[in-house]
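For the numbers below, each heavy atom of this structure counts, side chains included, while hydrogens, waters and symmetry mates do not. Letters A, B, ... are given to chains in the order of the sequence lines, protein chains preceding strands, and every chain is numbered from 1.
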Amino acid sequence: MSNAITPKNENYAQWYIDIVKRAGLADNSAVRGCMVIKPYGFAIWEKMKNQLDLMFKETGHQNAYFPLFIPKSFLSREAEHVEGFAKECAVVTHHRLMNNPDGSGIIVDPSAKLEEELIVRPTSETIIWHTYKDWIKSYRDLPLLINQWANVVRWEMRTRLFLRTAEFLWQEGHTAHATQKEAEAEAKQMQEVYATFAEQHMAMPVIRGVKTASERFAGAEETYTIEALMQDGKALQAGTSHFLGQNFARAFDVKFLNENNKEELVWATSWGVSTRLIGGLIMTHSDDQGLVLPPKLAPIQVVIIPIPKRNSAIDELAEKLTKELHLNGISVQYDTDEKQRPGYKFAENELKGIPVRIGIGNRDLEAGKVEVARRDTTSKSMMPIEGLAKSIQNLLNDIQNNLFESAKNFRKENTSYSDNFDDFKDVLNQKGGFIEAHWDGTPETENEIKLKTKATIRCIPNNQEKSPGKCVYSGKPSMGKVIFAKAY
RNA sequence: CGGGGCGUGGCGCAGUCCGGUUAGCGCACCUGUUUUGGGAACAGGGGGCCGCAGGUUCGAAUCCUGCCGCCCCGACCA
């Protein structure tokens, strides 16, 4: 009823949970670590999915679907891959239930044991590369550019709504190429697609970079990542694109004949983003009043609220405006629910992060104006009815841009440089955020810093000019700066 | 897996220490009236195997035993 959202600065984790629940995005379910994504949350996911799907298709990819289950033996074919995923897999061991002879309910039928256990996919490289063996014979079959939208399961020890759930929705692209160069270009291209989506649609600035060896995807030779900074100063890995070399081709014996009739192993990439992005979206923009959505991803971009007493003049204007905005691809809801008063609706719409609210009352109509409130700044202004549809479109663009600029400013203010370890620890504990620092390039130093501070190297940023210096921890020579942060 | 917390109408909780009438409150819901420019008021009403299973007792939401589940914090990960 009254604002039940825990203030951000009081308890950020609780604030996040309150937003997810009160805005109606998702709920915990009867299954540990698995969430119910509610209609409003799913509508946001659909908007993300539609845009990403478009971008994948524009870059030449096709959708397909592979099985939920993976034979256990497949997972062990690639040594690093099994090492990375085996600990967190759900396993199917039987295929039938039966009534317990003692009458106490239903039990697993012991006679229905599977010959080979099935793994519920934690990711699909293995089943897909097993399939690719049949699909790829010639250089003419390449490149093979496939994406799948799916659910996967990783039996995480600790879960958080959207950010880390045992089951989650995602897309996983799996491509096969004739040359290393082409596969690397693909992996980089998809990193850029993700970055473009994050920045232009989510209004979430990201750093493009590569992972260090220890943070790399299990089975990858290079992991390209986009890293975002959340409001509490922690980093979020928002999307990754992997150059897999020939590791999976070797494990699943996927070879092709080149133009010279010579047999070669295929080069691979894989890349994915998940419903975690919704968590990132929340923690980039939202405030103590509730969710804040960038217009491009808001299921409802504009809500029109009649100020009682509602009458035909108000209805007419609302309907005219709705039509005009619809013609321009803007989603509008005219809230004619007479049971709730305006104040209640205002608060609910703010909670749900609807970017623009238009209030139409008789007083305003007479003056030829309406009240327009923007969610990002929570400011209100009177706008002339004349040309309103155009004004609203401009306003939506403004909000989209403003959210992105604000997030960039926040990141700038919360990015520090450090060249000695004491200072590094102080910044990390007092301020958080991204810390640029020199690193000597060794996994030992990386690990020591992680043990002492919980900060990890989020990435080695792309396109960085060489800037030799001394490692923040060891003092040894360093060829360039990397980004450290505590991460989700 | 360790630490903490919690299971009581749809949601949030009180009651449990110290057993005792019909298990209570706020929100939500239903009906009606008056309202309506930032979360309306009044009146009436409906809805509960008190997580599950045993036990103690004349009597258990409350005491005892066992089990189950979920959440939060940490280590692991998108």
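- When the P atom is compared between B:G51 and B:A14, the two are found 13 Å apart, to the nearest whole Å.
- Here the side chain of A:Ala347 is nearest to one of B:U35, B:A75, B:G38, namely B:G38.
- Proximity of the aromatic rings of A:Phe484 and A:Phe424 is defined here by a centroid distance below 6.0 angstrom, and this criterion is met.
- Between A:Phe56 and A:Trp271, the distance from one ring center to the other falls under 6.0 angstrom.
- Going from the P atom of B:A61 to that of B:G7 covers 16 Å, rounded to whole Å.
- For A:Arg158, the side-chain atoms get nearest to B:C73 when compared with the rest of B:U36, B:C77, B:C73.
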Nucleotide-level pairing of RNA chain B, given in dot-bracket where Watson-Crick and G-U pairs need both distances under 3.5 Å and | marks other strands:
((((((((.[[[[.)....(...]]]].((((((.....)))))).....[[[[[..)....]]]]])))))))....

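- Remark: A:Lys431 engages no residue in a salt bridge (charged side-chain N to carboxylate O under 4.0 Å, His left out) (not counting sequence neighbours).
- In this structure, A:Glu348 reaches the bases: a heavy-atom distance under 4.0 Å links it to at least one base atom across the strands shown.
- Summary of the strand contacts: A:Glu350 and A:Arg160 both lie near RNA chain B, and taking for each the nucleotide with the nearest heavy atom, the more 5' one is attributed to A:Glu350.
- When the C1' atom is used for both B:C64 and B:A28, the distance is 38 Å, rounded to whole Å.
- A donor-acceptor contact closer than 3.5 angstrom is absent between the side chains of A:Asn349 and A:Arg375.
- Checking B:C76, B:C72, B:G38 against the side-chain heavy atoms of A:Ile17 singles out B:C72 as nearest.
- Residue-to-nucleotide contacts include no donor-acceptor pair under 3.5 Å from the side chain of A:Arg154 to the base of B:C77.
- Figure legend: cation-pi geometry between A:Arg458 and A:Trp439 absent, as NZ or CZ is not positioned both under 6.0 Å from the six-membered ring centre and within 45° of its axis.
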Are any protein N/O atoms closer than 3.5 Å to N/O atoms in nucleotides 66-70 of chain B? If there are, list each pair with its distance.
| unit_1 | atom_1 | unit_2 | atom_2 | d |
| --- | --- | --- | --- | --- |
| B:C70 | OP1 | A:Arg32 | N | 2.8 |

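- Partners of A:Glu117 under the salt bridge (charged side-chain N to carboxylate O under 4.0 Å, His left out) rule, at least two apart in sequence or in another chain, are A:Lys72.
- Within the nucleic acid shown, A:Lys309 comes within 4.0 Å of at least one base atom, counting heavy atoms only.
- Within 6.0 Å of the NZ atom in A:Lys8, the count of heavy atoms belonging to other residues, nucleotides or ligands exceeds 12.
- Not counting sequence neighbours, the partners of A:Ser29 by the side-chain contact (heavy atoms from CB on, under 4.5 Å) test are A:Val31, A:Cys34, A:Val36.
- For A:Ile300, the side-chain contact (heavy atoms from CB on, under 4.5 Å) partners two or more places apart in sequence, or in a different chain, are A:Gln333, A:Ile354.
- Applying the side-chain hydrogen bond (donor to acceptor under 3.5 Å, both in side chains) rule to A:Asp53 yields the partners A:Lys57, A:Asn63, A:Trp149; only residues at least two apart in sequence or on another chain are considered.
- Among the heavy atoms of the strands lying under 4.0 Å from A:Glu156 is at least one base atom, whether or not backbone atoms are also near.
- Of the residues in residues 363-382 of chain A, those lying under 4.0 Å from RNA chain B by heavy-atom distance are A:Arg363, A:Asp364, A:Lys380.
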Which atom pairs, one a donor and one an acceptor, fall under 3.5 Å between side chains of residues 335-342 of chain A and the rest of the protein, sequence neighbours left out?
| unit_1 | atom_1 | unit_2 | atom_2 | d |
| --- | --- | --- | --- | --- |
| A:Asp335 | OD1 | A:Asp337 | N | 3.2 |
| A:Asp337 | OD1 | A:Lys339 | N | 2.8 |
| A:Glu338 | OE2 | A:Arg310 | NH1 | 2.9 |

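- The distance between the ring centers of A:His81 and A:Phe248 falls below 6.0 angstrom.
- Aromatic rings of A:His242 and A:Tyr224 (six-membered ring for Trp) have centroids beyond the 6.0 Å cut-off, not under it.
- A:Lys339 has its NZ atom 18 Å from the C1' atom of B:G39, to the nearest Å.
- Counting non-hydrogen atoms under 4.0 angstrom, A:Phe168 reaches a base of the nucleic acid.
- Here the separation of B:G9 from B:C72, taken at their C1' atoms, is 26 Å to the nearest Å.
- The residues A:Glu448 and A:Lys452 are annotated as salt-bridged, a charged nitrogen and a carboxylate oxygen being separated by less than 4.0 angstrom.
- Legend: residues meeting side-chain hydrogen bond (donor to acceptor under 3.5 Å, both in side chains) with A:Thr159, ordered by chain and number and at least two apart, are absent.
- Distance check on atom P: B:C29 versus B:A75 gives 42 Å, rounded to whole Å.
- Listed nucleotides B:C77, B:U35, B:G39 differ in distance to A:Tyr344; the shortest reach to its side chain belongs to B:G39.
- With RNA chain B read from its 5' end, the first of the two nearest nucleotides for A:Asn11 and A:Arg216 is the one closest to A:Asn11.
- Every residue two or more places apart in sequence or in another chain that forms a side-chain contact (heavy atoms from CB on, under 4.5 Å) with A:Arg158 is listed here: A:Arg160.
- Across B:A40 and B:U35, the matching C1' atoms stand 7 Å from one another, rounded to whole Å.
- When distances are taken from the side chain of A:Pro342 to each of B:G74, B:U36, B:C77, the shortest belongs to B:U36.
- In the set B:G74, B:C76, B:G37, B:G37 carries the atom at the smallest distance from any side-chain atom of A:Ile307.
- Side-chain proximity of A:Arg164 to B:G38, B:C76, B:U35: nearest is B:C76.
- Within the 4.0 angstrom heavy-atom criterion, only backbone atoms of the sugar-phosphate kind lie near A:Ala13; the bases stay farther away.
- Spacing of C1' atoms, B:C11 relative to B:C71, comes out at 16 Å, to the nearest Å.
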Enumerate the protein-to-nucleotides 3-6 of chain B contacts in which both atoms are nitrogen or oxygen and the separation is below 3.5 Å.
none

